[in-house]
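These numbers come from the heavy atoms of this one structure, side chains and all, not from hydrogens, waters or symmetry mates. Predicted model, so just to flag it, every value in this text is computed and none were measured. The sequence lines fix the lettering, A, B, ..., with proteins before strands; numbering per chain opens at 1.
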There are 2 protein chains.
Amino acid sequence: MPTARPTIADVAQRAGVSKGLVSFALNDRPGVSPQTRERILEAARELGWQPNLRARALSVDRAFALGLVIMRDPEIITGDPFYPSFIAGVERELASAGQALVLSVVPDEAAELAAYRKLVTDRRVDGVFVTDLRHDDARIALAAELGVPAVTLGHPEAPSPFPAVSMDDRAGIAAAVDHLAGLGHRRIAHVAGPDRMLHGSRRRRAFEEAMAAAGLPAGMVVETEFRAVDGARATRDLLARPDRPTAIVYANDPMAIAGLGIAQRAGLRVPHDLSITGFDGSDVGEHLFPSLSTVATDAVSWGAVAARVLLRSIAGEEPGDTDLPPARFVPRESTAPVTEPTDRTVP
Amino acid sequence: MPTARPTIADVAQRAGVSKGLVSFALNDRPGVSPQTRERILEAARELGWQPNLRARALSVDRAFALGLVIMRDPEIITGDPFYPSFIAGVERELASAGQALVLSVVPDEAAELAAYRKLVTDRRVDGVFVTDLRHDDARIALAAELGVPAVTLGHPEAPSPFPAVSMDDRAGIAAAVDHLAGLGHRRIAHVAGPDRMLHGSRRRRAFEEAMAAAGLPAGMVVETEFRAVDGARATRDLLARPDRPTAIVYANDPMAIAGLGIAQRAGLRVPHDLSITGFDGSDVGEHLFPSLSTVATDAVSWGAVAARVLLRSIAGEEPGDTDLPPARFVPRESTAPVTEPTDRTVP
DNA sequence: CTGAAAGCGCTTACAG
DNA sequence: CTGAAAGCGCTTACAG
């Protein structure tokens with residue numbers, strides 16, 4: 001049990017004023033004479049008074065907190081660096097603004113919607129982040145129905161009443177394809193994220209467009225989940241094809257790292273026999289041999305900006321959409337010129 | 001703006017009873033006749049009444065939330081799988097208990113202490129998790145001073161008033177060393193986490209004890225941070241030594257993965273020239289070539305149990321300490337018998 | 001500039 | 001079994 005903490009009433013008594021005046025003084029509102037204000041502040045200091053956010057929350061009908069709901073299978077951690085970085089960026093803004101982050105991790109879509117709803121009806125948060133957008137994303141309508149401010153990462157497909165903070169990932173994919181094309185690759189494949197996810201299908205489309213723009217034949221595309229295990233399977237399938245690709249563009253780093261493992265396991269030398277690119281710039285990819293060429297996204301900034309935008313929405317402003325600097329391709333060792341075309345198939 | 005939501009007063013009016021009785025009925029407390037209770041519940045349902053947690057929090061002096069503070073450099077994400085899994089486990093318990101998780105991510109120790117303090121004095125949480133214990137960990141005393149229930153992951157060194165939920169990681173390290181010794185390795189090194197962290201120094205001690213128990217000469221130990229980049233540097237140093245090890249036991253997976261990269265880059269074949277083991281069982285390690293032998297810890301269960309224990313503490317019970325099943329060694333491809341001893345040094 | 005009062009939406013003794 | 005009232009710790013009109 002914490003010992004009973006002083007309340008505003010104790011401060012008022014000590015300063016010899018009313019509770020109301022204490023509140024005014026503490027919140028720097030006009031209408032308090034300098035001397036009285038000083039006396040009140042002094043009393044609060046002496047008593048070690050700390051505002052009780054719960055009481056404040058009830059009075060002003062604000063939670064002073066933001067909600068983030070993450071959907072993922074708890075048993076399968078892909079080592080995806082996005083959320084840790086994103087959250088770190090969010091926190092950087094929140095701490096100084098006196099806000100907190102309420103985090104929900106849920107296993108599936110039904111639980112996800114329920115989590116958003118509960119966060120809001122419980123009055124736990126004043127606004128929510130909507131990440132990992134999907135086609136026909138039910139969360140937009142839900143947030144609108146609940147009347148809660150929200151910010152989306154990227155633009156949803158349907159019209160949305162919420163500001164979007166976007167980072168163009170297509171430029172990064174295009175740069176990867178161009179880089180590979182420049183190295184002489186023609187049979188380039190893409191291991192894509194699930195089509196139901198906007199960034200899955202958007203990166204895929206970017207890949208297809210970049211291939212066309214480079215004058216290359218339509219590349220092979222394997223759609224799968226964003227997990228390492230799926231990247232491995234997709235790679236195995238691609239390498240088993242008679243027209244096996246000489247380069248593979250992966251939609252994220254865990255898939256690419258697993259793909260690298262599969263290729264090496266099959267006896268291919270990366271990058272000489274097969275070039276590989278990832279996406280999202282995981283820390284570990286930099287230390288592999290060969291180090292992973294990837295598309296770097298600044299998830300920390302994304303989190304910080306999204307938090308700022310959400311806070312402004314909550315404050316009643318209408319922030320409008322924000323475009324972050326596009327993701328950029330970071331060539332490392334896993335991409336190289338095609339050596340002589342080989343017809344060797346993989347067992 | 002959400003439209004004004006019905007309050008308990010609206011329900012009372014509709015049911016024709018007092019607010020107090022509504023509260024009793026809604027909280028399933030005795031002293032309400034079945035018919036009245038039914039009438040009240042009916043009214044609440046018709047009105048779509050939802051409890052306002054803010055008001056409840058103020059009344060009962062509870063936040064219905066738990067706090068987790070994570071310290072890490074936002075720019076350096078190691079792909080450490082521990083926290084995502086741990087949090088997923090925590091959430092599994094919280095959702096059903098009507099509790100929420102408030103997360104703080106901070107860059108350094110000063111900010112960490114400030115974050116705990118703020119979480120508690122703001123009355124945002126009813127209890128806190130203390131993870132990544134250090135020597136002379138100031139957080140124990142702080143939590144005690146703040147009078148907030150806490151649960152520690154592992155046993156702090158100083159006497160602690162809080163229940164500990166522990167997972168013996170020494171058994172896993174010992175198993176790794178035994179495995180390597182059984183394969184004929186004698187020059188085994190350990191890339192350790194920082195000595196200031198309990199699990200850093202504990203794993204190191206476990207390594208040293210296991211070496212002695214196996215009748216091997218004291219192994220080389222390099223102490224460093226838990227990041228991939230540090231694992232890489234430590235490995236480079238070890239491999240440059242004239243008496244370079246034939247096996248390296250790493251204190252976590254990101255370090256081991258980076259070490260694998262360094263070894264391969266130096267022209268060593270893993271596991272033939274160098275065996276490698278990790279710790280924590282990251283998803284991606286399984287898909288490398290060679291796949292990473294590691295020590296698997298069940299972070300999801302750890303989170304779930306810690307949450308349960310903390311909830312019981314908050315409820316006024318005295319849970320006592322809990323020991324989880326020990327971490328276990330998972331041999332994969334990165335460990336193999338020593339081939340002929342080689343004196344080849346690495347450039 | 002200052003005070004006294006009502007209110008936020010709940011819970012909880014205290015009486016009947 | 002039920003009601004009326006006070007209280008949690010703040011904020012905020014409303015009067016003076």
Selected nucleotide, minimal atom distance to [X] side chain, candidates [options]:
X	options	result
S59(A)	dT11(C), dT2(D), dT11(D)	dT11(D)
W49(A)	dC8(D), dG3(C), dC10(D)	dC10(D)
F24(A)	dT11(D), dT11(C), dT12(D)	dT12(D)
R56(A)	dC1(D), dC10(C), dT11(D)	dT11(D)
S18(A)	dC10(D), dT11(C), dA4(C)	dA4(C)

Rounded to whole angstroms, how far apart are [atom1] on [X] and [atom2] on [N]?
X	N	atom1	atom2	answer
K19(A)	dG7(D)	NZ	P	11 Å
R62(B)	dC8(D)	CZ	C1'	15 Å
L21(A)	dG16(D)	CG	P	18 Å
D10(B)	dG9(C)	CG	C1'	10 Å
I8(A)	dA4(C)	CD1	P	15 Å
Q35(B)	dC1(D)	CD	P	9 Å
Q13(A)	dG9(D)	CD	C1'	15 Å
E38(B)	dT2(D)	CD	P	13 Å

Which part of the nucleic acid does [X] contact within heavy-atom distance under 4.0 Å: base, sugar-phosphate only, or nothing?
X	value
V22(A)	nothing
S23(B)	base
D61(A)	nothing
Q50(B)	sugar-phosphate

Examine [N]: is either OP1 or OP2 under 4.0 Å from a nitrogen or oxygen in the side chain of [X]? Give yes or no.
X	N	answer
T36(B)	dC1(D)	no
N52(B)	dC8(C)	no
T7(A)	dG9(D)	no

Between V60(B) and P34(B), who's closer to the 5' end of DNA chain D by nearest nucleotide?
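Its nearest nucleotide lies further toward 5', so the answer is P34(B).
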Aromatic ring proximity, centroids under 6.0 angstrom, H199(B) and F226(B)
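Between H199(B) and F226(B), which both carry aromatic rings, the centre distance is below 6.0 Å.
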Counting Watson-Crick and G-U wobble pairs only, both distances under 3.5 Å, name the nucleotide matched with dG16(D), or none.
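Across any shown strand, dG16(D) pairs with dC1(C).
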Test for a donor-acceptor pair under 3.5 Å between the base of dC1(D) and the side chain of S33(B), counting only N and O atoms.
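Under the 3.5 Å cut-off, the side chain and the base do not form any donor-acceptor pair.
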Does G20(B) or R54(B) map to a spot on DNA chain C nearer the 5' end, using the closest nucleotide for each?
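In this pair, the answer is R54(B).
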Do [X] and [Y] have side chains that approach each other closer than 4.5 Å (heavy atoms only, starting at C-beta)?
X	Y	result
D126(A)	L310(A)	no
D10(A)	R5(A)	no
R117(A)	L146(A)	yes

Answer yes when R37(B) and D28(B) have at least one side-chain N-carboxylate O distance shorter than 4.0 Å, and no when they do not.
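So R37(B) pairs with D28(B) through a salt bridge.
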Given V151(A), V148(A), I140(A), the one that forms side chain to side chain contact (heavy atoms under 4.5 Å, CB included) with F162(A)
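Going through V151(A), V148(A), I140(A) one by one, the side chain to side chain contact (heavy atoms under 4.5 Å, CB included) with F162(A) is satisfied by I140(A) alone.
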